[in-house]
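To keep things clear, I will list the structure first and then write my remarks on it.
By convention in this document, chain letters (A, B, ...) are assigned in the order of the sequence lines, proteins followed by strands, and residues within each chain are numbered from 1.
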Amino acid sequence: MSKHALLIEDEPNIIEAIRFILSRDGWRVSTHDTGADAAEVIARTDPDIVILDVMLPGRSGYEILDELRADAATRDLPVLMLTAKGQERDRRLAERAGASRFMTKPFSNSEVLAAMREMVGP
Amino acid sequence: MVPFNVLVLACLAYVAFLFLVAFAVERAAAQGRARWLRAPLVYTLSLSVYCTAWTFYGAVGYAARSGLEFATIYLGPTLIFVGWWWILRKLVRIGRAQRVTSIADLISARYGKSNMLGVIVTILALCATTPYIALQLQSIALSFGVFTAGTPAGWTVPDADTTALWVAVGLALFTILFGTRHLDANEQHPGVVTAIAVEAVVKLVALLAVGVFVVWAVAGGPGDIIARIEAAPRPEWAIEPGRWAGLTFLAAVAIICLPRMFQVTVVENVDERHLATASWAFPLYLFLMSLFVMPIAVVGLEVMPEGSNPDLFVLTLPLAFDQGALAMLAFLGGFSAATSMVIIAAIALATMLSNHIVMPLWLALARRRGGGSGDMRHVVLRARRLSIIVMIVLGYIYYSFTGGTAALAAIGLIAFVGVAQFLPALIGGIFWRAATRVGAAAGLGLGFAIWLYALFLPSFGAGVMIPDAVMTQGPFGIGWLRPQALFGVEGMDPLLHALFWSLVFNTSAFLIGSLVSFPTPVERVQGAQFVNVFDMSGGTQGWGRSVGEAEDLLVTAQRVLGAEAAQSFFQQAAADQGKDGFLPDTTPDFIERLERRLAGSVGAATAHAMVAQIVGSSVVTTEDLMAVADETAQIMEYSSQLEAKSEELARTARQLREVNHKLTELSEQKDAFLSQISHELRTPMTSIRAFSEILRDAGGLPAEDQHKYATIIHDETIRLTRLLDDLLDLSVLESGRVRLQAEEDNLSRLIERALGAANSTAPERDFVIHRDPPEEDIALHTDSGRLTQVFINIIANARKYCDAAEPELWIKPRVRDGRVEVDFVDNGTGIPQKQESLIFEKFSRLTDQARAGGAGLGLAICREIMLNLGGDIAYLPGQGGAAFRVSFPREMPAQTPDSDDVEAQEATGAVSAS
């Protein structure tokens, strides 16, 4: 059974790229493009891994992550954070919020895949 | 030979003339016509009261006995007037500021208006002046005697004592008449001063006439005189440096401390500037007075028979050559010298006696009687008159008692040493703020005692006042207490000995007493006022919250000043306070002024006591002390400087904080901007990289997908390019370095072009554009390209964001005051109110960028363009949809970028959010 990855991202071209990469790698991919109700969607769809963009309309990725970590059900959910803001400060913020992994855009497709495999496990 | 009756007649005529002068001047002064009297010349001549009969007659005798030593008596004052006149200037300033009536008043006022000190100074002055007055009487009696010596038998010629008595009576009369005519607020006597000035001229002319007679008629001219002086070597004429220095010092002190000198120098001074003239004119006068002393002495010694009194050479030489008229003139000169001294000394002493002894006693008695009433001026004047009589009677008694025993000069010097005791308290008082009443009293008392014991009492002659045994063996056989060999210092000139020890003890006691005692508040205030008289413009605030009744004060003032003067003073004070009538508010300031005014009549101590009696207390409040006491003032000055400094520091700190805040803000903005840029650049690059990797790595993609992904990459590169273009554009616009090209155009054409260009944005949407062609027909002179860019942006935004199902856009231009306003209103939901302020900021994208397709710089660029065109762009709320108003002048202002503006913009750079 293929693993379920939930991509929360608002940039359509990036959504399409990631969906393509993951699908080819055997992931089941679902997407969501606003921040406001992202946590709700995660709770409902119960993914194996979440790819979370930082800059989202409505709510920032950090806030969503905070909420996930506060909830016992999603405390250990692997979360790969993607950000287009490549500054050190952003990395620290992500770590503090409890991101499992942090990658800056633009990313290498193969690195994303490797990271995801590592995070979800065999 | 001049007959005695002629002499008496001449004397009387001269006195009558002086009366006339004094009387005329008093009248002129009362009518305010005595302006010429306020000439510095009159002031300078009045100072010549220094030259008494002692200097007129005695200097020649002195020269005959001791050679040039007599010159020291002129040297001291000359030094003071030429080099140290600033001391006198300070005294004059203080005297005028504090309405000082005498030297006793000055010292008393300085040390907390202490009457005790006033009494000490008065008594000391009395002791020192009495023999001096006696000396004048003696000189007049002697000079009369010279004339009577040759009187033919049969004439009933009065003896010397009787002459002295009549002279004393005459002088008392004159002094009372002109010295106590009225109680003057400034204690000035223009009539007397003028009479003294006239006498000064007479004695100078007389002495010069005798001198000229002696040099050119008796001797063979100046050369002959010098030869005679050199030919008369006398061992006692040798110069003793110690005595010279001591006597010069003594004379210098005397010119400051002698009560009569204080009277003419300070009290009678009408204009401080006169002192400047006197500083050279008075020494010149002294020089002329001393010019012929030596010749007269030398010729007298040669010509006159052995045993003649050299003190009378000035008279006897002309008489010996049968020059009756010249002798007469010389006699009048000596008479002038003597009378002027007696008159001024009597006035000065009478003021002291009445103000410091009689009035306080009278006030105490009046209080015991239950409050005095009536015109106090009569009391004061009576006290003065009585004091004058007492003074002259005392002088006469002293004369009768010691008459003819001592040489004239000796008495003068003894008096000098006596008044020298004032020096420490006086100089210390005006230069040293820490000087206290205790110190002054101790110094004066001790100096006075030593003077009495070591000089004054022995001067009566051996065994008269002090037993011989005490003189030779000391009191109770204590050797080191011998009056003329204190502490075993033997062989010293008795005068210098007394001067030295009295001043050493006086000064030491003054210094130690001042250092160990603590000044009272009033002393502090007065001390500050005296020492800093040149800095202090305002008066003291000596009176605290007073409860004094203005009416009581008026009653008292009337008694002292006279009804008219007091009422006008009160009326003026009331008027100054903005009140009608005669009763001003008893403010501390008013009471201070009143007290000072009263002090001009009765002295500071008495005036203070009188006012205190009514006002109740003379509390010096802390605030008052703070305001006037100089050390406090200095502290306050420092503290205010510190305050100013700290204020300045605070201001600088605030500025620094502001700048720092601004820098931090800028830094944050820069960070945010970079972060935004990074985001805006990375986002398209992410797509580009991801899809290019897909295209590269994923084999077997359908052609359709390949094309699609390549298109995405292509679009994203265009997006990147546009972003960079916008950024550069914004940077140029913000820096103000943009080149604008104004050209003639028409608003209608501009809108046309903008609509055409904006059509490419969201071309799928069908927009209804409402235009008003007649209104659009506005000729413009502006950078139409840039303006079109703004229009395109707004229309494109409308196309992108207008969420109406059937979108419409209204373009409504109008001209108002030479400015064009174009409103762009659509029928969408518009922009939420709280975001209205953000839309013109960079990277402010309200909706997700998917639909925007831009970096959120559009409106920021629009605003920069409009500002560059001299216009603006604003969001118009409440129009039923998104509404933007673009306004700009029809004539673009000449592009003269303000250099400051450019710099400012460059400084903030492209990161500025504004």
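In the displayed structure, A/Glu40 atom CD is contacted under 6.0 Å by at most 12 heavy atoms of other residues, nucleotides or ligands.
Under the side chain to side chain contact (heavy atoms under 4.5 Å, CB included) criterion, B/Asp697 pairs with B/Glu693, sequence neighbours left out. Listed by chain and number, the residues in a side chain to side chain contact (heavy atoms under 4.5 Å, CB included) with A/Ala43 amount to none (sequence neighbours excluded).
Interface residues of residues 13-25 of chain A toward chain B, defined by a heavy-atom distance below 4.5 Å and sorted by number: A/Asn13, A/Ile14, A/Glu16, A/Ala17, A/Phe20, A/Ile21, A/Arg24.
Looking at A/Thr34, neither its backbone nor its side chain comes within 4.5 Å of chain B, counting heavy atoms on both sides. Contact of B/Ile713 with chain A is not made at all, since no heavy-atom distance falls under 4.5 Å.
Scanning both residues, B/Arg682 and A/Lys105, for their nearest heavy atoms gives NH1-O, 2.7 Å.
Between the side chain of B/Ser678 and the backbone N or O of A/Ala84, at least one donor-acceptor pair lies under 3.5 Å.
For residues 23-70 of chain A, there are no ring pair (Phe, Tyr, Trp, His ring centres under 6.0 Å) pairs, not counting sequence neighbours.
For the pair A/Ser108/B/Arg689, a side-chain contact is recorded, criterion being any heavy-atom separation below 4.5 Å from C-beta on.
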